Every structure is written in structure tokens, then in C-alpha cells.
Amino acid sequence: MNWMVENWYLIVAAAAVLALAGFGCYKFAGLPTEDQVARIMEWLVWACIEAERNLQSGTGQLKLRQVYDMFCNVPAFSAVAKMVSFEVFSDWVSEALAVAKEMLVKNQSLARYVYGDDAEREVEKLRKQVADFQDLKEG
């Protein structure tokens, strides 16, 4: 008993280390599976298109923030939102945005839904962005 009184700080430190290790294991075990990530990516493509529709082009950081806020408010994704870092989420949004841009270039009806009367001009900008992105992937 005397040892515990004299070395209380070691007991507290050991408890803190165990708690951190337990929390790390909990976060690792709770990471999304490949199937969950695929479903999230499908939803993110939709969210990117809606953010593009609401904010239009040239507002990248605002769109990212809007998509993140939307993501955090979806009950099915609330646990994932708490466990995935914003950097990982930002990478997911970048991938989803690339898919969304390709969809907007290929689908005129979708482009009109998003851009309205400016669809042709905006799609031309997107074509250049998609071509530049594909050049980067190949090069």
C-alpha cells in the first residue's frame, strides 16, 4: 500500500497510456470498410454536384465545407464523420469531384440542371479541367 502512495504518478501514467491505446484500437476498428467507402463515395458525388449547383464554379473551399457539413448531418454517416480526419474526407471529396466533373461533361441534362443557361460555358471549363487532370494521372 505504501508503494502505491509513493508511486501514484506511475499508476496514473500507466492508466493514461492504456486509455490512449484503447482509444487508438477503437478508432482503428471503427474505420470504414471498402463497401462503406464505396457508398460514401457515391453519396459524395451527389453532394459535390449539389454543392456545385448551389455555389457554382470558383468556390472550391466553400463547396468542400458545404459537403462536409452535409456529410456530418447524414445520420448514416455520423459515426464515420467522427472517426475520419478532415484530410481523409478532403481526399474523398477530391475523388468524388473528379467523377462529378466527368459526369457533368458527359451529361448535358445534368449540366443544365447544375449550371442553367451557362451550362455550355461551364462545361467547356470542366472539359479543360478533366483533360488536365487526366494528363496528370497519365504523366
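It should be emphasised that the depicted structure is a prediction, and the values quoted were computed from it without experimental measurement.
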How long is the span from the [atom1] atom in [X] to the [atom2] atom in [Y], to the nearest 0.5 Å?
{"X": "K128", "Y": "K101", "atom1": "NZ", "atom2": "NZ", "answer": "13.5 Å"}
{"X": "K63", "Y": "I49", "atom1": "NZ", "atom2": "CD1", "answer": "11.5 Å"}
{"X": "E50", "Y": "L55", "atom1": "CD", "atom2": "CG", "answer": "11.0 Å"}

When clusters are formed by joining ILVMFWY residues with side-chain heavy atoms under 4.5 Å apart, either directly or through shared neighbours, do [X] and [Y] land in the same one?
{"X": "F86", "Y": "I40", "answer": "yes"}
{"X": "V17", "Y": "L20", "answer": "no"}
{"X": "I11", "Y": "Y9", "answer": "no"}
{"X": "L97", "Y": "V88", "answer": "no"}
{"X": "L64", "Y": "W46", "answer": "yes"}

**Within-4.5 Å side-chain heavy-atom neighbours: V37 and M41** = yes
**Request:** Decide yes or no for R127 and V123: does some side-chain heavy atom of the first lie under 4.5 Å from some side-chain heavy atom of the second?
**Result:** yes
**Request:** Indicate the ring-plane relationship of F77 and F71, choosing parallel, tilted or perpendicular according to the 30° and 60° boundaries.
**Result:** parallel
**Complete:** Heavy-atom closest pair (A51 atom, V67 atom, distance to 0.1 Å) is CB-CG2, 3.8 Å
**Asked** At their closest point, which heavy atom of L44 faces which heavy atom of A96, and how far apart are they?
**Response** CB-CB, 3.6 Å
**Asked** Cationic tip of R53 within the cone over Y113's six-membered ring, i.e. under 6.0 Å and within 45° of the normal?
**Response** yes
**Message:** Please check: side-chain N/O of N7 versus main-chain N/O of W3, any donor-acceptor pairing under 3.5 Å?
**Reply:** yes
**Asked** Can a salt bridge be assigned to the pair K125 and E122 using a cut-off of 4.0 Å between side-chain N and carboxylate O?
**Response** yes
**E120 side chain to Y115 side chain, donor-acceptor N/O pair below 3.5 angstrom** = no
